[in-house]
Amino acid sequence: MLKTTISPIFSSFTGKPKCSSKLFFRAFSKVVLQDTPPSARRNASTNLTTLHKGPPTSAYVHLPFCRKRCHYCDFPILALGMSSSSARPSNVYEEGKEDDPRITNYVNLLVREIKATRTDFDTNPNLETVFFGGGTPSLVPPKLVSLILETLSLNFGLSPDAEISMEMDPGTFDGQKLKDLMKLGVNRVSLGVQAFQDELLKACGRAHGVSQVYEAIEFVKECGVENWSMDLISSLPHQTLEMWEESLRLAIESQPNHVSVYDLQVEQGTKFGNLYTPGQSPLPSETQSAEFYKTASSMLRGAGYEHYEVSSYSRDGFKCKHNLIYWKNKPFYAFGLGSASYVGGLRFSRPRRLKEYTNYVADLENGAANWCGNGDVDLKDVATDILMLSFRTSKGLELKEFGKAFGSEVVKSICKVYEPYVESGHIVCLDDMRSEVMIDEFKTLVANDEVKIEDHVRYLRLKDPDGFLLSNELISLSFGVVAP
């Protein structure tokens, strides 16, 4: 089930389910083996095995502030309280109003981290994407967002047409604040709606209601934000299929160009973790959760959205460029509390507690923090990363490139393991033109040891939705090939 899909690998999707931005690599699973296949060593200079060595062109910035902690959230956040001046959008522009010092102090610390981040790359291309995640980044005053963007631009360069995304929650911004953010370069909004039923929002501990959802959607449209996404959560306590269908229908009617759909995960240490047991009422069963996922896939694809990643749907031209950096296993910077970067082959997670994060920044300024790798990685780790990330996408695993990097023998072994699932329809084989390769031809290719299967089958991808629902099990099978 999606509820357990890739569950220890992508466990950071589970607190506040936000695919794009969050600290999703903080629990990135690594399989460390004793030796690397000769085929992998021979082909270590190919593109797939050297992507991590290049300079990043993306940055994730964690702004951890929330009005309150949602009942399912296990992310590193700083709860400001509902009475904080920053939590009242209508008061943001009062003359002489002082910013919340907790936000100001954190942003100053964040800026110190950015300034202290130095790399030894021969070239440093401008940043092409920036993602403000949280937390609720829309609680941060625009002048402090401006300070962060200016620091990123000075330190790394910022492309004039960079995609700059910000997660925003209903009730935390108004039209004026959004216009000010747009003037700074924010050109993509990820709106954390989660549900269109007040009773579900209240049961989750969300700080907004449905009336604020519609208000926020109106602000986004009035301000002319074309590139905006809506987040929804399924498998909530007491959520029925009818409620879920209503949320999907109302989301489609709101006409975002991107929709992210997440299945609730119940984590230890959260309020939900203390109250509920996964699969038991009032949470839905795994069968019900599967039905929610299938319903989302059917309704959103029927409305013209492409299901381009396990949790992500977009209209043509509106895939999240920042997320695509993750799925393509490319390097990226990360700054802020609990954030995880991938630079020089090293996935590095910053401390989740403010005191330890403050100490980390001081160490970074003193040259005592090792956050960047030297490019030397275990090729088994690279292979498992590529398998895991590729199978999350509608494109799937590109066999020819994978074979060049890790050997045709590995490709053949993966295909043999997947043969029963191709036959059952959970995995689809595609040729160069992305036309389906029929099962009889695929079985013949697998059985012929004289044939390089990647010369005839270009892609393996999980079937939508049934293959995606088994993604944990299916991806684990491929891990068994590269990491027996």
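Both backbone and side-chain heavy atoms feed into the values below; hydrogens, waters and symmetry mates do not. One-based numbering along the sequence shown. All of these numbers come straight from a predicted model, not from anything done at the bench.
Within a 6.0 Å sphere centred on CD of Glu253, heavy atoms belonging to other residues, nucleotides or ligands number more than 12. Atom CD of Glu226 is surrounded by 12 or fewer heavy atoms from other residues, nucleotides or ligands within 6.0 Å. The 12-atom threshold is not exceeded at CG of Asp316, counting heavy atoms of other residues, nucleotides or ligands nearer than 6.0 Å. The environment of Lys271 atom NZ is sparse: at most 12 non-hydrogen atoms of other residues, nucleotides or ligands sit within 6.0 angstrom. No more than 12 heavy atoms of other residues, nucleotides or ligands sit less than 6.0 Å from atom CZ of Arg353. Counting non-hydrogen atoms of neighbouring residues, nucleotides and ligands closer than 6.0 angstrom, the CZ atom of Phe442 exceeds 12 such neighbours.
When ring centroids are compared, His307 and Phe468 come within the 6.0 Å threshold.
Between Arg347 and Asp385 there is a salt bridge, since a side-chain N of the basic residue sits under 4.0 Å from a carboxylate O of the acidic one. Using a 4.0 Å cut-off between charged nitrogen and carboxylate oxygen, Glu309 and Lys319 do not count as a salt-bridge pair. The pair Asp466-Lys294 meets the salt-bridge criterion, since a charged nitrogen lies less than 4.0 angstrom from a carboxylate oxygen.
Tyr459 has its side chain out of reach of Leu397: every pair of non-hydrogen atoms, C-beta onward, lies at least 4.5 Å apart.
Between His258 and Tyr308, the ring planes are perpendicular. Angles over 60° get that label, and only those under 30° would be called parallel.
Looking only at atom types and distance, the side chain of Asp464 has no donor-acceptor partner in the side chain of Ser394 under 3.5 Å away. Side-chain polar atoms of Ser190 and Ser165 form no donor-acceptor pair below 3.5 angstrom.
Here the CG atom belonging to Asp449 is positioned 10.5 Å from the CD atom belonging to Glu409, to the nearest 0.5 angstrom.
Tyr357 does not carry Arg350 over the face of its six-membered ring by the limits of under 6.0 Å from the centre and within 45° of the normal.
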